[in-house]
Amino acid sequence: MFGSEYNSTIVITCGIAMFLGIVYWNLRQSSSEKSKRKKSSEKISRETSSNSCEQITARKTNSRETSNGCEKKLETNLHEISNGCDQNLQIEKKKKSEISVVETKLDIPKLKWVKVGRVEELYYYPLKSGRGKTITECKFTEFGISVEEKGLLTLRDRMFLVYNEETLKFQTGRQYPTMILVSLSAVDEYKVKLEAVGMPSVVFRVPEKSEKSSAAIECSLWWGEPVKCIDCGPEPAEWLSRFLTGTNSGLRLGYSLYDRREITKGPWERFSKVYNTLRDEDTGLFSDITSYMLMTSKSLDKLNERLETPVPTLQFRPNIVVSNDEPFVEDNWEWIKIGDRAIIRNVKPCPRCKMIKVDPETGNVAKEEPMKTLYSLRKQTDPERVSVDGTAPILGIYCGLYITGRVKLKDDVFVHVPEDTENLKISNGQEIEI
């Protein structure tokens, strides 16, 4: 019985052991699977995390690349736009430049030149109605003759004018004959001086352009044409008043602002209707109508042949005197080339006033009347022209500039001859085509 109980105990114990072994094994398997699942989960998590990080990094990278791409694209586009704008501006400027050139050259025909003479004399008048200055070389500019000398202020034709301080109207030798004795010249880069016989000279500084906004004075020329200038101050004003009027006040000196005058409108419009080649670009600073006046030496010689006392060239105040073979042929010249480059165009004949009676050396009125003699030679007969110029005799031609250039004494002078004007009297010379 005891043995039977022992065996039963062993069986039970073994059963329990097997049960526990099975439970333990199951637990181990479960734990192992959990561990595997955990590891797998961690791996997946790590992979997912890694992938997410990589994706985030990639997204960041892509974002940066996109951003850089956008910035680069934006910069490229802006650069292209900027370049495009610059190119467009350059194209527009070029177009405008081309238009300007076309407008300037629009009326210039194919040029066929005949040499008619040479430059015999050159003059300019820094002070309107002041003493003329003889020069050997100059530059033809859009605002008239320009004289440039190193270390000196550049002087231009009619860049100063005298005006009445009350009425603001310009004053000339017509009102004050001795004005033609007043000389204006440069002293240095900033100063000029006024001189006249019997008067101590006065030196003064020319107003700077920066002053123009606050110091501009509106004066008037012929028939009330408005022009702006800067007043030159009390010293030249007192000097001019004493010399011209014998008092210490009344006259002022103005300096040009280089504004473009509109001569085809206002009081000059009637002239542009009669002389239809007259342009705003033809006007000078304070010149009467155009920047240039040309005459020939033979025309003056013809007049002087009839006078007991010959009159000097300066009595007619030209800018260019051309030596040639026949008198008064300049009236028929239209396109005129001087030297290698400068081209001017005949706009209208120059009617002469009583100023030609005044001696440019003494300021005295001549005893002889050259106007009467000139009238018998060069009477204006065209009714349309008489309507604007009056009946004054004519001598020389007013010209407008089309091509700038340097001009000097002895330069050849050419005239354009259209093919349909074979019988036009222009003087003898050698035909040249350019």
Given Val227 and Leu221, is the side chain to side chain contact (heavy atoms under 4.5 Å, CB included) satisfied, shown in steps?
CA-CA 7 Å; Val227 291; Leu221 294 180; 3.7 Å; yes
Value rounded to 0.5 Å, distance of SG in Cys350 from CZ in Arg317:
11.0 Å
Find out whether Tyr123 and Thr313 are in side-chain contact, i.e. whether some heavy atom of one side chain is under 4.5 Å from a heavy atom of the other.
yes
Could you tell me which residues satisfy side-chain contact (heavy atoms from CB on, under 4.5 Å) with Asp188, sequence neighbours excluded, listed by chain and number?
Tyr190, Lys191
By side-chain contact (heavy atoms from CB on, under 4.5 Å), which residues pair with Gln171, not counting sequence neighbours?
Val162, Asn164, Lys169, Gln175, Tyr176, Met179, Leu251
Between atom CD1 of Ile263 and atom CZ of Arg261, what is the distance when rounded to the nearest 0.5 Å?
5.0 Å
So Phe140 and Ile403, side chain to side chain contact (heavy atoms under 4.5 Å, CB included) or not? Walk me through it.
CA-CA 8 Å; Phe140 277 26; Ile403 304 293; over 6 Å; no
Does some side-chain heavy atom of Phe204 sit less than 4.5 Å from a side-chain heavy atom of Cys232?
yes
Gap separating the CG atom of Leu300 from the CZ atom of Phe328, nearest 0.5 angstrom:
9.0 Å
Quick check: do Val311 and Asn304 have side-chain heavy atoms less than 4.5 Å from each other?
yes
Can you confirm whether Asp412 sits close enough to Trp113 that some side-chain heavy atom of one is under 4.5 Å from a side-chain heavy atom of the other?
no
Quiz question: by atom type and distance under 3.5 Å, do the side chains of Thr264 and Asp280 form a donor-acceptor pair?
yes
Would you say the ring centers of Phe286 and Phe170 fall short of 6.0 Å from each other?
no
Could you check whether any side-chain heavy atom of Phe160 comes within less than 4.5 Å of a side-chain heavy atom of Pro236, counting everything from C-beta outward?
no
Separation of Arg306 CZ from Leu377 CG (nearest 0.5 Å)
4.0 Å
With sequence neighbours left out, the residues meeting side chain to side chain donor-acceptor pair (under 3.5 Å) with Ser183 are Lys133
Residue set satisfying side chain to side chain donor-acceptor pair (under 3.5 Å) with Arg406, at least two apart, ordered chain then number -> Glu137
Distance, nearest 0.5 Å, that separates CG of Asn319 from OH of Tyr292:
8.0 Å
So do Val413 and Ile320 actually touch side chain to side chain, heavy atoms under 4.5 Å?
no
Report yes if some heavy atom in the side chain of Asn346 is under 4.5 Å from a heavy atom in the side chain of Asn332; otherwise report no.
no
Excluding sequence neighbours, so at least two apart, what forms ring-ring contact (aromatic ring centres under 6.0 Å, His included) with Tyr275?
none
Please name all residues satisfying side chain to side chain donor-acceptor pair (under 3.5 Å) with Asp288, sequence neighbours left out, ordered by chain then number.
Lys128, Trp222
Lys NZ or Arg CZ of Arg279 over Tyr402 ring: under 6.0 Å, within 45°:
yes
Could you tell me whether Arg131 and Glu195 have a side-chain N and a carboxylate O separated by less than 4.0 Å?
no
Please report the shortest heavy-atom distance between Pro318 and Met293, naming the atom on each side.
CA-CE, 3.5 Å
Centre-to-centre under 6.0 Å for Trp223 and Trp268, is that the case here?
yes
How long is the straight-line distance from CD1 of Ile338 back to NZ of Lys408, given to the nearest 0.5 Å?
12.0 Å
